[in-house]
Amino acid sequence: MKRRTSPASTQPRLRGLVAAVLTAALCGVATAQTTIGIGQSLVVSQNTGFESNSPLILDGGILNIRNPFAPVTVGATDAILRNGAILSGNDQFPATINFFGTTKIGNPTSTGSFPANAMYFIAPTESSWTVTNRGDFELKSGLLVLSGSTFLRSASPSSGPARLLLENDSSILGDPGKTGIPGTPYTIFSPSVGLPRAGGFQNPFGGGLILDGTSANPGGLGKISGTGTSEIRVPVTSNSSNIVVFNGTLALTNSGNHNNSGFYADPLSINPDSRIIFGTNPFGADNMYAFTGTNTTDTGRFLLEPGVVLRVTGEASVWRQQANFQALGTIDLDGARLVNSGTLAADKITGRSYTGPGFRIANLENTTTGTFSGNIRAGVNLNTYSVDLLQTVQISNRGRFEIAGNQTVEANNFVNHDGTLVVNGQLSNYGGKLELLGGVLSGNGIINSDTFVGGGPGVAKFRPGSSPGTMTINGDFSLLPGGVLELEVESTPGGIAFDQLVISGSILLNGRVSFLVGAGVTASDVAGLNFFSCAGTCQIEYGTDFSADFPNRPGSTWSTDSQRITNLAAPFDPSAPSGPPLFPPPPWAPTAPVPEPAPFVMMLAGLGLAGWMSRRRLRTTRD
């Protein structure tokens, strides 16, 4: 994939992920004991501040924040959390702990059994508490475990962004059962579902990782070192925040909600193998990632794993896809826009996937730098299990849009402005049409809709087949002014091969038909070739702007009638006998032979010569 430098507007935000921030202090009662080792425990029952000159050092012990009669707030500046547990010990009055400055997590001096085997934030499953980072969380190594109903919130203060930085392939896991074994499977009862559910960190009370920022101070989650995989096995919510991977892989494996956020793999364009994964929960919990507002995937590689849904929700929502994105799961466009200017390979894109009042038409825009290949499915009405024509996708293409032989694209309308559209599979436009206003259409596939080539500001070329081959159109076909239908005739070891159009509806030819005759093809080879095949008898209508040419066989002749158009190519052999055309000219053409194609076509124009010449000059300039 061609490496791209991130837009200038994103550079300050990316540099902010690794820049230092101003620290803040929380006034309160300082405690003399700041180091808590293995086997030690400190109970805090009133508002407390651990200042940077006497920081909190957790090295395998337990900090228990509890008061049975009132909530407790604790602040810690420049804390060192090597391993151990910080817990809220009261169900009725959840605790709050705020981290300022630079909080260093991991690199323990000694390890042991739980809680000295990782760094834990623990709350009772019947309640919840908030752990807030207002500076930099530096997860150096090992595991950060959010246990019970624990929210880890990274909130940017007005002085600068708040960031959570992963180093050396460190990970954030969940241990809701407080077993001391991070990520242990467990079963809980969800009242919203009424059935037991299993998950690495999923419960009816919520919890997980929250990245809160603003447009001025975006929050951030960054993997800044390590060549392996760092995993976030808790639900992630990001608001105006950036999730960045400078090297290695970051795997999000337990759902998420992302609003006005950016995802950057290899933002500096120096590690193209860097990757962000929207993955499956290893314990079978929710596998849906939601985008609202404006979200961006940029640089590097992305993977949407099988069985995972990425839903873009809201008519005002836009997903700007600028990376190398492979979607093995489902992309669900719920009335939103997907603007692809990178490389997007999608196993399945759907319109809205639920029933309800009203309807939404989603949009997929493939820009001039975008490359798309994949399947797009129309929305399914869950009441009748049939295709709902109102739940489809409108597609516009200016880049390269390819439908492989095993792929199907179902849309409402498809407009090809000036890109390349390759249809080797099936393209169905329910209730709509395919418009080729410019660019090139080619392939051996099937188009299920009326098809229009030309009529736009540029030249639109239709090349059926694939050197040569057959294209099927189940609908009407119209070649309009500005449209060029290129029909190949080639000599092959097996005989003469030529392009064909199989059309179920009517045919209008009001543009230019170019016969591309290959080397070794003689006049007798092309005698009687029929380039159109219809369900019954072909009915071809010729417009006043119809013309035909032979770019590499000047002097060739051709013939038309209401059922077909065919040609006779004059051999290049100068010793070949000359004679009158074997096929009579159409009734509206002059009978006098003409040696050159240009004067011949000019005479065909008749009284419309001046207009034809002006249009021809315009088309030639654009070609």
Side-chain angles (χ1 to χ4, degrees), residues 1-4 263 265 276 278 291 295-306 308-312 317-334 336-351 361-379 392-430 432-449 451 460 463 466:
M1 183 187 73
K2 182 179 179 182
R3 296 178 182 176
R4 301 185 306 281
F263 300 81
I276 294 177
F278 297 96
F291 282 1
N295 293 274
T296 301
T297 51
D298 190 6
T299 68
R301 297 189 301 142
F302 288 76
L303 173 65
L304 183 71
E305 290 189 335
V308 179
V309 177
L310 195 161
R311 177 168 293 164
V312 190
S317 294
V318 181
W319 172 20
R320 302 191 182 280
Q321 204 302 108
Q322 301 170 176
N324 186 337
F325 199 109
Q326 183 179 18
L328 302 179
T330 299
I331 297 173
D332 183 25
L333 301 179
D334 182 10
R337 292 171 57 208
L338 195 170
V339 181
N340 177 53
S341 57
T343 299
L344 175 59
D347 274 15
K348 185 178 181 181
I349 295 180
T350 63
I361 296 291
N363 289 274
L364 189 155
E365 301 172 19
N366 200 45
T367 69
T368 54
T369 59
T371 299
F372 175 86
S373 178
N375 295 289
I376 300 178
R377 302 293 187 186
T392 52
V393 180
Q394 295 189 117
I395 303 173
S396 65
N397 178 49
R398 297 182 182 273
R400 180 176 178 83
F401 196 106
E402 183 171 356
I403 307 172
N406 61 344
Q407 294 174 338
T408 299
V409 169
E410 297 174 347
N412 177 256
N413 279 298
F414 194 119
V415 180
N416 196 84
H417 295 275
D418 51 10
T420 297
L421 171 60
V422 181
V423 181
N424 287 316
Q426 289 201 48
L427 170 60
S428 300
N429 297 296
Y430 293 113
K433 57 190 175 182
L434 168 62
E435 294 181 274
L436 194 77
L437 302 179
V440 178
L441 167 64
S442 65
N444 289 306
I446 300 173
I447 299 173
N448 296 308
S449 68
T451 300
R463 298 167 177 165
S466 180

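As a basis for the values below, the full set of heavy atoms in this structure was taken, side chains included, without hydrogen atoms, waters or symmetry mates.
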I need the [X] [atom1] to [Y] [atom2] distance, nearest 0.5 Å.
| X | Y | atom1 | atom2 | result |
| --- | --- | --- | --- | --- |
| Leu328 | Lys348 | CG | NZ | 14.0 Å |
| Leu434 | Ile447 | CG | CD1 | 5.0 Å |
| Asn295 | Thr297 | CG | OG1 | 9.0 Å |
| Asp298 | Phe263 | CG | CZ | 12.0 Å |
| Ile395 | Asn412 | CD1 | CG | 9.5 Å |
| Asp347 | Leu304 | CG | CG | 9.0 Å |

side-chain hydrogen bond (donor to acceptor under 3.5 Å, both in side chains) involving [X] - partner list, sequence neighbours excluded:
| X | result |
| --- | --- |
| Gln326 | none |
| Thr296 | none |
| Arg320 | none |
| Asn366 | Asn340, Asn397 |

Could you check if a side-chain atom of [X] sits within less than 4.5 angstrom of a side-chain atom of [Y], using non-hydrogen atoms only?
| X | Y | result |
| --- | --- | --- |
| Leu310 | Val312 | yes |
| Leu338 | Asn363 | no |
| Tyr430 | Glu410 | yes |
| Val339 | Val318 | yes |
| Gln394 | Asn413 | yes |

Under the side-chain contact (heavy atoms from CB on, under 4.5 Å) test, which residues partner [X], sequence neighbours left out?
| X | answer |
| --- | --- |
| Thr369 | Ser341, Thr367 |
| Arg398 | Thr368, His417, Asp418 |
| Gln407 | Ser373, Asn375, Ile403, Ala404 |
| Ala345 | none |

Please list, one pair per line, the donor and acceptor atoms closer than 3.5 Å that link side chains of residues 419-429 to other protein atoms, with sequence neighbours excluded.
unit_1 : atom_1 : unit_2 : atom_2 : d
Asn424 : OD1    : Asn444 : N      : 2.9
Gln426 : OE1    : Asn448 : ND2    : 3.0
Ser428 : OG     : Asn448 : ND2    : 2.9
Asn429 : ND2    : Ser449 : OG     : 3.0

### Task
With sequence neighbours excluded, tell me which residues meet salt bridge (Lys or Arg N to Asp or Glu O under 4.0 Å) with Arg400.
Glu402

### Which atom of Leu436 lies closest to which atom of Ala460, heavy atoms considered
O-CB, 3.2 Å

### Query
What's the shortest heavy-atom distance between Ser317 and Ala336, and which atoms?
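Scanning both residues completely, I find the closest heavy atoms to be O-CB, 3.5 Å.
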
### Query
Does the pair Thr350 and Asp332 meet the rule for a side-chain hydrogen bond (donor to acceptor under 3.5 Å, both in side chains), with working shown?
CA-CA 5 Å; Thr350 63; Asp332 183 25; 2.8 Å; yes

### Trace of the side chain to side chain contact (heavy atoms under 4.5 Å, CB included) decision for Ile349 with Leu364
CA-CA 10 Å; Ile349 295 180; Leu364 189 155; 3.8 Å; yes

### Task
Write out all pairs satisfying ring pair (Phe, Tyr, Trp, His ring centres under 6.0 Å) with one or both partners inside residues 395-414, taking only residues at least two apart or from two chains.
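Pairs touching residues 395-414 that pass the test: Phe372-Phe401, Phe401-Phe414.
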
### Summary
Residues passing the ring pair (Phe, Tyr, Trp, His ring centres under 6.0 Å) test with Phe325, sequence neighbours excluded, are Phe302, Trp319

